[in-house]
Amino acid sequence: QVQLVESGGGLVQPGGSLRLSCRASGFNFGRSLMAWWRQDLGQGRELVAQITKGGESTIYHDSVKGRFTISRDDAEHTLYLQMNSLKPEDTARYYCYTFYMENDRGEVYWGQGTQVTVSS
């Protein structure tokens, strides 16, 4: 079965850094689009960063450009999000996401999330 397991969240001070990881299994990781989304309580889920198969293209939410870096290690089936210069408004639960095609159908799966809290 498809599994996405996040880790690396925690409590940090403003200006600090965290590195999130997402270990993937149960599908062809190398052929899949991967992304990080985040959601704070009472708000909708928003796209933070996205990376295409092979890491050929990335996109970022304007609020994290220059501070966050998404990357992937296809050999290890792992997605990463390096977060630097963290701000209180980055506080949210961060979710690993995948999209891929299977039998002419788009499949979407989410991880359980990992909490990031930025507080002074």
Side-chain angles (χ1 to χ4, degrees):
Q1 76 279 23
V2 172
Q3 287 191 308
L4 301 171
V5 182
E6 302 97 330
S7 62
L11 174 64
V12 297
Q13 296 185 47
S17 297
L18 284 174
R19 190 191 194 200
L20 306 184
S21 298
C22 171
R23 294 184 178 181
S25 61
F27 64 101
N28 192 331
F29 181 88
R31 296 287 187 179
S32 303
L33 179 146
M34 302 295 297
W36 290 98
W37 294 67
R38 66 186 181 188
Q39 183 173 25
D40 206 352
L41 292 177
Q43 298 192 67
R45 196 167 294 185
E46 67 178 9
L47 178 66
V48 178
Q50 176 184 290
I51 186 166
T52 57
K53 55 185 179 182
E56 298 175 348
S57 180
T58 59
I59 62 171
Y60 296 91
H61 193 279
D62 282 345
S63 67
V64 308
K65 287 181 179 177
R67 300 188 297 120
F68 291 12
T69 302
I70 189 171
S71 62
R72 63 194 295 162
D73 186 334
D74 288 350
E76 297 294 326
H77 293 184
T78 303
L79 177 74
Y80 300 99
L81 184 68
Q82 178 66 47
M83 305 185 294
N84 299 325
S85 302
L86 283 161
K87 304 175 180 180
E89 49 263 45
D90 295 319
T91 294
R93 193 166 184 87
Y94 284 70
Y95 296 88
C96 183
Y97 162 104
T98 185
F99 172 87
Y100 61 92
M101 299 297 297
E102 183 174 285
N103 298 322
D104 297 320
R105 176 184 172 87
E107 299 285 343
V108 172
Y109 290 92
W110 298 86
Q112 83 289 344
T114 184
Q115 180 67 36
V116 172
T117 301
V118 185
S119 180
S120 58

Taking the side chain as every heavy atom from C-beta outward, state whether Val64 and Arg38 have any atom pair closer than 4.5 Å.
-> yes
In terms of heavy-atom contacts, Leu4 and Ala24 come closest through CD2-CB, 3.7 Å
Of all heavy-atom pairs between Gly8 and Leu18, which one has the smallest distance, and what is that distance?
-> O-CD2, 3.7 Å
Check: Gln112 main-chain N/O paired with Arg93 side-chain donor or acceptor under 3.5 Å = yes
Could you tell me whether the side chain of Leu11 reaches within less than 4.5 Å of the side chain of Val116, counting heavy atoms only?
-> no
Is a side-chain N or O of Asn28 found less than 3.5 angstrom from the main chain of Gly30, in a donor-acceptor match?
-> yes
Heavy-atom nearest pair, Phe68 first then Val48, reads CD2-CG1, 3.7 Å
Answer yes when Asp74 and Lys53 have at least one side-chain N-carboxylate O distance shorter than 4.0 Å, and no when they do not.
-> no
Would a distance-only check, ignoring hydrogens and angles, find a side-chain to backbone donor-acceptor pair under 3.5 Å from Glu6 to Gly113?
-> yes
For the side chain of Gln39 and the backbone of Gln43, is there at least one donor-acceptor N/O pair under 3.5 Å apart?
-> yes
Give the minimum heavy-atom separation between Ser85 and Ser17, together with the two atoms involved.
-> N-OG, 4.3 Å
Check ion pair Lys65-Asp62 (N to O, under 4.0 angstrom) | yes
Is the number of heavy atoms from other residues, nucleotides or ligands under 6.0 Å of Arg67 CZ greater than 12?
-> yes
Are the side chain of Thr91 and the backbone N or O of Val118 linked by a donor-acceptor pair below 3.5 Å?
-> yes
Point-to-point distance, once rounded to the nearest 0.5 Å, from OG1 of Thr69 to CZ of Arg19 | 10.5 Å
Side chain to side chain contact (heavy atoms under 4.5 Å, CB included) between Gln82 and Tyr80: does it pass, once the steps are laid out?
-> CA-CA 6 Å; Gln82 178 66 47; Tyr80 300 99; over 6 Å; no
Kindly check if the number of other-residue, nucleotide or ligand heavy atoms within 6.0 Å of CD (Gln13) is above 12?
-> no
Transitive ILVMFWY side-chain link Val108 to Val2, under 4.5 Å | no
Applying the 4.5 Å side-chain criterion to the ILVMFWY set and letting contacts propagate, would Tyr94 and Tyr60 be lumped into a single cluster?
-> yes
With a 4.5 Å limit on heavy-atom distance, are the side chains of Arg45 and Tyr95 in contact?
-> yes
Are the aromatic rings of Trp110 and Tyr97 close, with centres under 6.0 Å apart?
-> yes
With the 4.5 Å side-chain cut-off for hydrophobic clustering, are Leu33 and Phe29 part of the same group?
-> no
Can you measure from NZ (Lys87) to OG (Ser63) and round to the nearest 0.5 angstrom?
-> 7.5 Å
Distance col, row Glu76:CD vs Arg23:CZ, nearest 0.5 angstrom, shows 8.5 Å
Does some side-chain heavy atom of Leu20 sit less than 4.5 Å from a side-chain heavy atom of Thr114?
-> yes
Between Thr52 (side chain) and Ser57 (backbone), is there a donor-acceptor pair under 3.5 Å?
-> yes
Do Met83 and Leu81 have side-chain heavy atoms sitting under 4.5 Å apart?
-> yes
Decide whether Thr78 and Asp73 meet the rule of one side-chain donor and one side-chain acceptor closer than 3.5 Å.
-> no
Minimum heavy-atom distance Ile70-Ala35, with the two atoms named | CD1-CA, 4.2 Å
Would a line drawn from the ring center of Phe27 to the ring center of Tyr100 be shorter than 6.0 Å?
-> yes
Report yes if some heavy atom in the side chain of Thr58 is under 4.5 Å from a heavy atom in the side chain of Gln50; otherwise report no.
-> no
Side chains of Pro14 and Pro88: does their closest heavy-atom pair fall under 4.5 Å?
-> yes
Same apolar cluster (I L V M F W Y, side chains within < 4.5 Å links), Phe99/Leu47 | yes
Main-chain N/O of Leu79 paired to Arg72 side chain as donor or acceptor, under 3.5 Å = no
Is Trp36 close to Cys96 at the side-chain level, that is, under 4.5 Å between some pair of heavy atoms?
-> yes
